[in-house]
Amino acid sequence: MPAKNVTVNRAALGHRVLYALRHPERVPRHLVRAARDAWLRHRWPDHISYYRAVMRSDTRADPKAAVGSASHDRWLALGAMQFDYLLAHGLRPEHRMLEIGCGNLRAGWRFIRHLEPGHYYGIDISPDILAAAQDTMVRMELQKKLPTLTPVSDLTLRFLPDAHFDVVHAHSVFSHSPLPVIEECLAHVGRVLAPGGWFDFTFDRTEGKEHQVLREDFYYRTETLVGLAEKHGLAARFMADWEELPHGQSKIRVTHGPDTAHGPDTAHGPDTAHGPDTAHGADAAHGADAARERPQPDRSASR
């Protein structure tokens, strides 16, 4: 199943006019969003401060909607899809995991439950969404897992130790990031990535002209992001098996180099759609809640 229409330019005037004609009921909501965007751009010119204000506004309205989930079932389903994918690619309890843009732990609570105590580290630019993450921790009764949740103002990761994390994960972060923010992350993530580890990130893919919608949604060509990773001495490749899932974004995996492309678990690498531990992991980890709803393409405006 293709992730989305990857040829359309959503910023083009013609596309916006046709979209408004096809979906007139969505026009008022878009105008409100555009007005907020203009005000926040004026008040907070730099992107991090701007997007932190966006998340503050969205979180106060609805923490689940702030991370792109229209309902609780949708929140559960999208988190389950992220968890199942990494589990199938060899995520083990002893691994140390860094989640960039952890949000309110839509997927993070599953990672925390799966990993050994103290092995999950979540960062986010929004203190407001991290407060919601604490609520998720309490609701899921995961206090004894001792995760670390830290607000950040950039993606230099300078306060984290060298070669520490087996898995780094960023879902729906680069889809809301200008290129300098993405490059900042790629310039530094290799330092914290353990030998044999991998960094997965999703992005909004286009095969046409790269563009953005307002200041919140950015569309990149695969080769642009692969090239940025290679510029900083990393190997990157498009994850076709993720593309088969019903999700609106695409995924790239970054490693230290070709020799470690299969990640921490060499028994079943990134190309494997289903690892030997998938069945018990997916079923035991989240039970029937993942089956409530088959995830539909994610058109989220935030993580």
Side-chain angles (χ1 to χ4, degrees), residues 48 51-52 54-56 58-59 63-64 66-69 75-76 78-87 89 91-177 181-182 184-185 188-189 191-194 197-202 249 251 254 264 285-286 298 300 302-303:
I48 296 298
Y51 206 73
R52 182 173 285 161
V54 168
M55 291 301 295
R56 182 183 306 118
D58 288 347
T59 303
K64 290 186 175 64
V67 295
S69 301
W75 186 82
L76 288 171
L78 287 173
M81 184 167 61
Q82 297 173 56
F83 174 77
D84 290 346
Y85 185 84
L86 287 189
L87 196 67
H89 281 255
L91 179 67
R92 301 196 302 266
E94 65 269 25
H95 285 158
R96 297 185 184 275
M97 180 177 187
L98 169 66
E99 186 166 26
I100 298 172
C102 63
N104 65 354
L105 303 181
R106 179 171 63 178
W109 72 268
R110 300 176 189 275
F111 295 135
I112 292 166
R113 186 171 62 183
H114 177 68
L115 297 170
E116 293 177 0
H119 281 216
Y120 176 91
Y121 204 113
I123 63 174
D124 204 286
I125 65 168
S126 170
D128 299 271
I129 202 67
L130 288 178
Q134 293 176 355
D135 294 338
T136 300
M137 284 288 305
V138 173
R139 189 168 66 252
M140 300 301 179
E141 300 181 348
L142 294 171
Q143 295 94 329
K144 291 184 179 180
K145 285 290 189 171
L146 296 174
T148 301
L149 303 174
T150 301
V152 296
S153 57
D154 57 43
L155 293 181
T156 62
L157 311 175
R158 61 188 183 276
F159 60 96
L160 296 174
D162 292 357
H164 185 73
F165 296 102
D166 302 290
V167 178
V168 180
H169 182 250
H171 181 90
S172 198
V173 175
F174 289 177
S175 54
H176 307 297
S177 301
V181 172
I182 296 174
E184 179 179 75
C185 181
H188 296 279
V189 72
R191 181 186 63 79
V192 304
L193 194 62
W198 75 77
F199 169 35
D200 275 12
F201 64 82
T202 63
Q249 294 180 4
K251 184 185 284 281
V254 170
H286 58 81
D298 187 1
S300 63
S302 54
R303 288 170 303 284

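Computed from a predicted structure; not experimentally measured.
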(request) Search all heavy atoms of Val254 against all heavy atoms of Leu193 and return the closest pair with its distance. (result) O-CD2, 4.2 Å
(message) Assess the residue pair Val173 and Val181 against the criterion (side-chain contact (heavy atoms from CB on, under 4.5 Å)); give the C-alpha distance rounded to whole Å, side-chain angles, the decisive distance to 0.1 Å, and a yes or no.
(response) CA-CA 10 Å; Val173 175; Val181 172; over 6 Å; no
(request) Please answer whether the main-chain N or O of Tyr51 pairs with a side-chain N or O of His176 as donor and acceptor at a distance below 3.5 Å. (result) no
(message) Do Leu155 and Val189 make a side-chain contact, defined as non-hydrogen atoms from C-beta onward lying under 4.5 Å apart?
(response) no
(message) To the closest 0.5 Å, what do you measure between CD (Gln82) and CG (Asp200)?
(response) 10.5 Å
(request) Take Glu99 and Tyr120 through the side-chain contact (heavy atoms from CB on, under 4.5 Å) test and state the conclusion after the steps. (result) CA-CA 8 Å; Glu99 186 166 26; Tyr120 176 91; 2.5 Å; yes
(request) Determine the minimum heavy-atom distance between Arg106 and Leu78, stating which atoms define it. (result) NH1-CD1, 3.3 Å
(message) Could you check whether atom CD of Glu94 has more than 12 heavy atoms from other residues, nucleotides or ligands sitting under 6.0 Å from it?
(response) yes
(request) Quick one: which residue pairs count as a ring pair (Phe, Tyr, Trp, His ring centres under 6.0 Å) with a foot in residues 129-169, not counting sequence neighbours? (result) Phe111-His169
(message) Is the shortest side-chain heavy-atom distance between Cys185 and Phe201 below 4.5 Å?
(response) no
(request) Search all heavy atoms of Ile129 against all heavy atoms of Thr59 and return the closest pair with its distance. (result) CD1-OG1, 3.5 Å
(message) Could you measure the distance from the CG atom of Leu105 to the CG atom of Leu130? Nearest 0.5 Å is fine.
(response) 8.0 Å
(request) State, with a plain yes or no, whether a side-chain heavy atom of Leu149 is found less than 4.5 Å away from one of Cys102. (result) yes
(message) If you compare all heavy atoms of Ser153 against all heavy atoms of Arg52, which two are closest, and at what distance to 0.1 Å?
(response) CA-NH2, 3.7 Å
(request) Quick one: which residue pairs count as a salt bridge (Lys or Arg N to Asp or Glu O under 4.0 Å) with a foot in residues 142-164, not counting sequence neighbours? (result) Asp154-Arg158, Asp162-Arg191
(message) Could you measure the distance from the OH atom of Tyr85 to the CG atom of Leu91? Nearest 0.5 Å is fine.
(response) 12.5 Å
(request) Taking all non-hydrogen atoms of both residues into account, name the closest pair between Trp198 and His89 and its distance. (result) CH2-O, 3.1 Å
(request) Could you tell me the separation between the CD1 atom of Ile100 and the OG atom of Ser177, rounded to the nearest 0.5 Å? (result) 10.0 Å
(message) Using only atom types and a distance under 3.5 Å, with no angle test, would you say the side chain of Thr136 pairs donor to acceptor with the backbone of Asn104?
(response) yes
(message) So, using side-chain hydrogen bond (donor to acceptor under 3.5 Å, both in side chains) as the criterion, who are the partners of Thr202 when residues are at least two apart?
(response) Gln249
(message) Tell me if a side-chain donor or acceptor on Arg110 pairs with a main-chain N or O of Leu76 at a distance below 3.5 Å.
(response) yes
(request) List the atom of Ile112, the atom of Pro147, and the distance in Å for their closest heavy-atom pair. (result) CD1-CB, 3.8 Å
(request) Kindly compute the distance separating CE (Met97) from NE2 (His119), expressed to the nearest 0.5 Å. (result) 13.5 Å
